[in-house]
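For reference, the structure discussed in these notes is given below.
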There are 2 protein chains.
Amino acid sequence: METSMMEIEKTATILKLLGDKTRLTMLKMLDTHDYCVCEFVEIFKVSQPAISQHVRKLKDVGLVKETRRGQWIIYSLNRESDSFHFVQSLIQHLPNQDFKLQELEEQGLRISCN
Amino acid sequence: METSMMEIEKTATILKLLGDKTRLTMLKMLDTHDYCVCEFVEIFKVSQPAISQHVRKLKDVGLVKETRRGQWIIYSLNRESDSFHFVQSLIQHLPNQDFKLQELEEQGLRISCN
DNA sequence: TTTACATATAAGCATATAACTATTTATTTA
DNA sequence: TAAATAAATAGTTATATGCTTATATGTAAA
């Protein structure tokens, strides 16, 4: 049967957040790997502040969490979030995005954060 | 297992559409009953043009379809839509909204369309 | 065939969103 | 401690959204 119920209002808030190609892709990517802001900047080809604002929105609703590692801040899925299972059942339908990480490595742009 | 893959871009478009309390509730309602515009107007307490615009957006992406019945236009889920299973797996998480229909009947406002 | 009713469309307005540049904050390293 | 790097925040701008009122269209009924 069903996992757990979501409030309509909260769900709408989350769906609006995920209704953005960049954030939706981020979440799918975070399902298999953690990423730092600088990697997202390379991958999405937008400015660093733009990326910061996207991850902040995801953080504000509790979907992702951050860990500082030196000068880098690593973002990861918050698997303790109330909405985690909902979001995961949703991104299940999306194609794996690991190729983006591979492209990054081929360009030698991943090393910077590790 | 998994049903079928959704493109990221198309999925973002759909999620943005569903990231609105009114449209999300509409879809959940349409999962169990068909509704005409005038019923939605009563239920959502917004103007008739506002409702028309919401259902139009849902229709434009193929999630709902309309059937004229006399002077009324009845909206229903388009279960042939590419995105139908995706949307259905999503609204599964939402609480049933049939109480809205009952409220409408108690107010005697449902008779108008039938 | 005029009138009433249901819905759609158009136009206008207020607010939200997503991007950018410039600047600030935090951390590391020289 | 000064310079360099990563990320966050502030401020601006362009565009999108959702609502409203006014009007048009389509159907039914007098």
Side-chain angles (χ1 to χ4, degrees), chain A residues 8-9 12-27 29-30 34-61 63-76 104 108-114, chain B residues 8-9 12-27 29-30 34-61 63-76 104 108-114:
Chain A
I8 291 241
E9 202 138 353
T13 301
I14 289 175
L15 294 181
K16 182 184 281 183
L17 263 183
L18 302 202
D20 174 276
K21 197 192 170 189
T22 303
R23 287 189 296 265
L24 183 61
T25 309
M26 280 179 168
L27 278 182
M29 291 167 68
L30 289 171
D34 297 348
Y35 285 88
C36 76
V37 171
C38 64
E39 290 171 320
F40 280 145
V41 169
E42 290 300 331
I43 287 166
F44 291 106
K45 314 269 191 242
V46 291
S47 68
Q48 173 267 314
I51 295 295
S52 272
Q53 283 159 23
H54 282 304
V55 293
R56 183 170 201 249
K57 287 179 183 185
L58 295 174
K59 203 184 66 168
D60 284 350
V61 297
L63 287 179
V64 307
K65 57 186 179 185
E66 59 178 49
T67 316
R68 181 174 278 277
R69 187 149 80 208
Q71 50 194 328
W72 297 284
I73 295 183
I74 312 295
Y75 282 91
S76 55
L104 211 61
L109 291 166
R110 189 165 159 76
I111 20 167
S112 53
C113 311
N114 292 327
Chain B
I8 291 240
E9 202 138 354
T13 302
I14 288 174
L15 294 181
K16 181 184 281 184
L17 262 184
L18 303 201
D20 174 275
K21 197 191 170 188
T22 303
R23 287 189 296 265
L24 183 61
T25 308
M26 280 179 168
L27 277 183
M29 293 168 67
L30 289 172
D34 297 349
Y35 285 87
C36 76
V37 171
C38 64
E39 289 170 321
F40 281 145
V41 169
E42 290 300 330
I43 287 167
F44 290 106
K45 314 269 192 242
V46 292
S47 68
Q48 172 267 313
I51 295 295
S52 272
Q53 284 159 23
H54 281 304
V55 293
R56 183 169 201 251
K57 287 180 185 186
L58 294 175
K59 205 184 66 168
D60 283 350
V61 297
L63 287 179
V64 307
K65 57 187 180 185
E66 59 178 50
T67 317
R68 182 173 277 279
R69 187 149 80 211
Q71 50 194 327
W72 296 285
I73 295 184
I74 312 294
Y75 283 91
S76 55
L104 211 61
L109 290 167
R110 188 164 158 77
I111 20 164
S112 53
C113 312
N114 292 326

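Everything quoted here is computed from the prediction, not taken from an experiment. Chain naming here is simple, since letters A, B, ... match the order of the sequence lines and numbering starts at 1 in each.
Taking every side-chain heavy atom of A:Cys38 into account, D:dA7 is the closest of C:dT9, C:dA18, D:dA7. Between D:dA7, C:dT7, C:dT17, one nucleotide has an atom nearer to the side chain of A:Lys57 than all others, and that is C:dT17.
The shortest non-hydrogen separation linking B:Cys36 to B:Ile74 is CB-CD1, 3.8 Å. Among all heavy-atom pairs drawn from B:Thr25 and A:Ile8, the shortest one is OG1-CG2, 3.4 Å.
For A:Met26 and D:dA7, the CE to P distance is 12 Å, given to the nearest whole Å. At whole-Å resolution of the value, CG in A:Asp60 and P in C:dA18 are 13 Å apart. Straight-line distance from the CZ atom of B:Phe44 to the C1' atom of D:dG18: 14 Å, rounded to whole Å. Atom C1' of nucleotide D:dA8 and atom CZ of A:Arg56 are separated by 8 Å, given to the nearest angstrom. Summarising the geometry, the separation between CD1 on B:Ile51 and C1' on D:dG18 is reported as 12 Å, rounded to the nearest angstrom. To the nearest angstrom, P of D:dA8 lies 11 Å from CZ of A:Phe40.
For A:Ser76, the side chain to side chain contact (heavy atoms under 4.5 Å, CB included) test picks out A:Asp34, A:Lys65, with sequence neighbours left out.
Less than 4.0 Å separates DNA chain D from no heavy atom of any residue of residues 16-23 of chain A.
B:Val55 places none of its side-chain heavy atoms less than 4.5 Å from the side chain of B:Lys59. A 4.5 Å side-chain heavy-atom check between B:Leu58 and B:His54 finds every atom pair outside the cut-off. Residues A:Leu27 and A:Leu63 meet the side-chain proximity criterion, which asks for heavy atoms closer than 4.5 Å. Two residues are said to be in side-chain contact when any heavy atoms from C-beta on lie closer than 4.5 Å; A:Met26 and A:Ile43 fail this criterion.
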| task | Report the C-alpha separation of A:Glu9 and A:Thr13 in whole Å, then their side-chain angles, then the decisive distance to 0.1 Å, and conclude whether the side-chain hydrogen bond (donor to acceptor under 3.5 Å, both in side chains) test is met. | result | CA-CA 6 Å; A:Glu9 202 138 353; A:Thr13 301; over 6 Å; no
| request: Test side chain to side chain contact (heavy atoms under 4.5 Å, CB included) on A:Leu30 and A:Phe40 and set out the steps. | output: CA-CA 11 Å; A:Leu30 289 171; A:Phe40 280 145; 4.1 Å; yes
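A:Tyr75 comes within contact range of the sugar-phosphate backbone alone, with a heavy-atom separation under 4.0 Å but no base atom that close.
Of the two residues near DNA chain D, B:Val46 and A:Val41, the one whose nearest nucleotide lies more 5' is A:Val41.
In this model, the phosphate group of D:dC19 is approached by a side-chain N or O of B:His54 to a distance below 4.0 Å at OP1 or OP2.
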| task | Summarise protein proximity over nucleotides 21-28 of chain D in one line of letters, 5' to 3': B for base, S for sugar-phosphate only, - for none, counting protein heavy atoms closer than 4.0 Å. | result | BB---SSS
